[in-house]
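To keep things clear, I will list the structure first and then write my remarks on it.
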Amino acid sequence: MSELVTSWRPLAAVLVSAVAVSLIVASSRRQNVRESWSVLAAVLKFGIVASMLPGVLDGTEYRWSLGMVPGLRDEFVLGIELSLRADALGMLFALLASFLWILTVFYCAGYMRGLGEPNQTRFFAAFAASLSAAIGIAFAENLVVLFLFYELLSIVTYPLVAHDETNEARAAGRKYLAYTFFGGGFLVLGGSALTWWLTGQADPEDVSWAEAGESTATVSFGETFEALEAVHGAGIVAEPLFVLTFAMLALGFGTKAAIMPLHSWLPDAMVAPTPVSGLLHAVAVVKSGAFGVSRVVLDVFEPELTATLGMHVALAALAAFSFTMASFIALRKDNLKRRLAYSTASQLAYIIMGVALLVPAGVAGGLLHIPAHAFMKLTLFFCAGAIHVETHTDDISQMAGIGKRMPLTMGAFAVAAAGMAGIPLIAGFVSKFYMLVGAIQMTDSPVVGEPTAAGFVFAAALILSGILNVAYFWPVVYTAFFESEDAHDAKPLVEFPVGGVAASYGVLGDQGVRSDGGPTVETGGEARPDHDSTDGSHDHGGAPQGGWERRSPAGESTWLMLLPITVIVTGAVVLGIVPADVGFLELARDVAEAATGGEVSL
């Protein structure tokens, strides 16, 4: 049984970057001071979150509520409290987001300065606000508070998606809001309202935490399951209404996780600067969606009722379909960021499927993939951004031989890509191995028992997706290190319609290719970024006249970008070699075992 301790630290972790927003805006004319506030806020946020980690690992939960403020009451609306709680699942997400923000701040400084981006103060302020919303999502104690921060995250990240202020950027921003704020948000709100109503139908005598004559309506994690199970068991409400409630919550959060077919906002959001893409894909936005789905399965309906309703198989099947199809689509994308976008849609579905397996190993693997994917995908996006800043190259077909120009960047890219494919000794292998074992162990109830045919299908889908990961990442690594600028074969690993053909690979006709940080121009039917090179050697993407200049790792880019790339990819390797010593695996195992009632065993 967890020990509950009242503390201001959950609120402090949320507010520290919110306070930094005003300081960043006030320092708009002093670039170094403005970015120093971001660094200071990031370090403080991580310190506050990390200070709660030992207690959480020992079974302590830290809770803050509005009633702790003198003169205020806990109640927010309809008896629902405005409260935060740092538990093991929330700590997994908060620790990850707060740590990676420190490194992202440095990378942002190098990226924005390298391209001379406008509106940098607005950019850093919105970035800080988004981390406040992300930590609020992690520590929300009930569905209503989670919904509030979930919607706030969509609002504060809109200026980041539309940062370039081009028609394309504004259109991508509107689509992002339409999907995540209106579509996903309304589904979550509707599902939360239905949960409150359904739990209110229970008899107080059947709910241990309710007193006689007291309403059982609740949306608090840890309380909803008992009331929902009592109502479902008594047959008071028809089962389809439970299924509808689960589906609304899962799809509402799944929208932000880019689950298919609700994924199309994500590739379009690649018009944003690369640090924003990293935020969207690795740290906050899509992870908040996967985190929300995990809360629904593990803390609202809990594995037992989820299995009773049969929703675990449906959710896992949708996830398997998503990561398989997204991988096939990624094969056809020549623009590196768009290929990474579809890769993200694929990898986020892994998390959802792992949790939906409802067995300890599967749940632990799915939750561990939250930090594993974050370290690997943030490395990949930061590498793509460094390539763009230094060479203005965005398309894989123009990267032949670029490994000698940017050896550290492309080396880090290769390591992270190997991890995404599940190669051993990198973070992705550990999480996917747990999920593979969980798929084989999958049963009709949240305990390890007789395997099911569905479990073997999901295991086969995982293996197929790993092969597809190799298929769409290997051409990038091969092109960079094993081809020369004057004699390269710009085609994917496989040459047939699914993977694209040589005649079409990298050639988009008269359609402009989106450039990260600026508009595109048409030159002879092929789109080129409308930028000047940082070294003045060429004014478009691809190798300059005479080929790439060979550079040492220290001289390929600024330290503000190379340091975060190096540290984060190192983290991916550490998480793959000694996962038990990092803390994320222990948190994932604790959550999985507490939710399923079994032990994580391989």
Side-chain angles (χ1 to χ4, degrees), residues 1-14 16 42-64 83-102 131 134-141 220-222 283 287-288 290-291 294-295 297-299 302-303 351 354-355 359-375 427 430-431 433-435 438 571-572 574-602:
M1 188 69 180
S2 298
E3 179 186 357
L4 191 61
V5 176
T6 57
S7 174
W8 286 85
R9 278 182 283 179
L11 179 64
V14 172
V16 65
V43 172
L44 285 175
K45 183 183 287 288
F46 176 69
I48 294 169
V49 172
S51 71
M52 294 183 281
L53 179 61
V56 171
L57 290 175
D58 288 338
T60 301
E61 296 182 355
Y62 299 89
R63 184 179 188 271
W64 172 89
S83 53
L84 303 171
R85 181 183 299 213
D87 61 2
L89 180 55
M91 182 59 66
L92 179 74
F93 183 30
L95 189 69
L96 172 71
S98 59
F99 173 72
L100 291 181
W101 187 35
I102 300 173
L131 265 295
I135 301 301
I137 289 171
F139 291 157
E141 191 182 44
S220 295
F221 305 133
V283 181
K287 286 300 190 312
S288 71
F291 176 83
S294 301
R295 279 290 193 201
V297 174
L298 302 178
D299 291 326
E302 296 195 11
I351 300 170
V355 172
V359 294
V363 173
L367 296 179
L368 183 60
H369 203 60
I370 293 177
H373 172 259
F375 278 92
V430 181
S431 57
F433 185 76
Y434 272 93
M435 282 187 278
V574 170
L575 193 56
I577 297 176
V578 287
D581 296 330
V582 180
F584 290 118
L585 178 57
E586 187 173 354
L587 286 169
R589 289 172 66 105
D590 287 349
V591 174
E593 291 176 352
T596 62
E599 290 188 4
V600 176
S601 60
L602 302 179

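Position 1 is the first residue of the sequence, and the numbers go up from there. All values below come from the heavy atoms of this structure, side chains included, with hydrogens, waters and symmetry mates left out.
Of all heavy-atom pairs spanning Pro579 and Val430, the tightest one is CG-CG1, 4.0 Å. In plain terms, the two heavy atoms of Val355 and Ser294 that are nearest each other are CG2-OG, 3.6 Å. The minimum heavy-atom distance between Tyr434 and Val600, with the atom names listed, is CE2-CG1, 3.5 Å. Nearest heavy atom pair, residue Val578 against residue Val582, reads O-CG2, 3.5 Å. When all heavy atoms of Gly136 and Leu84 are compared, the pair lying nearest together is O-CD2, 4.3 Å. Annotation for Leu575 and Pro371: closest pair CD2-C, 4.1 Å, computed over non-hydrogen atoms.
Within the model, atoms OG1 of Thr60 and CE of Met52 stand 12.0 Å from one another, a figure rounded to the nearest 0.5 Å. Distance check, rounded to the nearest 0.5 Å: CG of Leu298 to CZ of Phe221 gives 11.0 Å. In this structure, CE in Met91 is found 7.5 Å from OH in Tyr62, a value given to the nearest 0.5 Å. Put simply, CG on Asp87 and CD on Glu61 are 5.0 Å apart, with the number rounded to the nearest 0.5 Å. Taken to the nearest 0.5 Å, the NZ atom of Lys45 stands 5.0 Å off from the CD1 atom of Ile135. Going from atom OG of Ser288 over to atom CD1 of Ile370 covers 10.5 Å, rounded to the nearest 0.5 Å.
Inter-residue side-chain proximity for Ser431 and His373 is flagged as unmet; no heavy-atom pair is nearer than 4.5 Å. The shortest side-chain heavy-atom distance between Lys287 and Ile351 falls under the 4.5 Å cut-off. Annotation: side chain of Arg295 is not in contact with side chain of Phe93 (no heavy-atom distance under 4.5 Å). Using a 4.5 Å heavy-atom threshold, the side chains of Val359 and Thr596 count as separate. Here the side chains of Leu11 and Phe139 are not in contact, with every heavy-atom distance at 4.5 Å or above. Side-chain contact between Val591 and Leu92 is absent, with no heavy-atom pair separated by less than 4.5 Å.
Using modelled atom types, no side-chain atom of Glu593 and backbone atom of Pro360 make a donor-acceptor pair closer than 3.5 Å.
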Apply side chain to side chain contact (heavy atoms under 4.5 Å, CB included) to Leu4 and Arg85, showing your working.
-> CA-CA 9 Å; Leu4 191 61; Arg85 181 183 299 213; 3.8 Å; yes
Does the pair Leu587 and Leu53 meet the rule for a side chain to side chain contact (heavy atoms under 4.5 Å, CB included), with working shown?
-> CA-CA 9 Å; Leu587 286 169; Leu53 179 61; 3.9 Å; yes
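Between Phe46 and Phe99, the two ring planes are tilted [angle within 30° to 60°].
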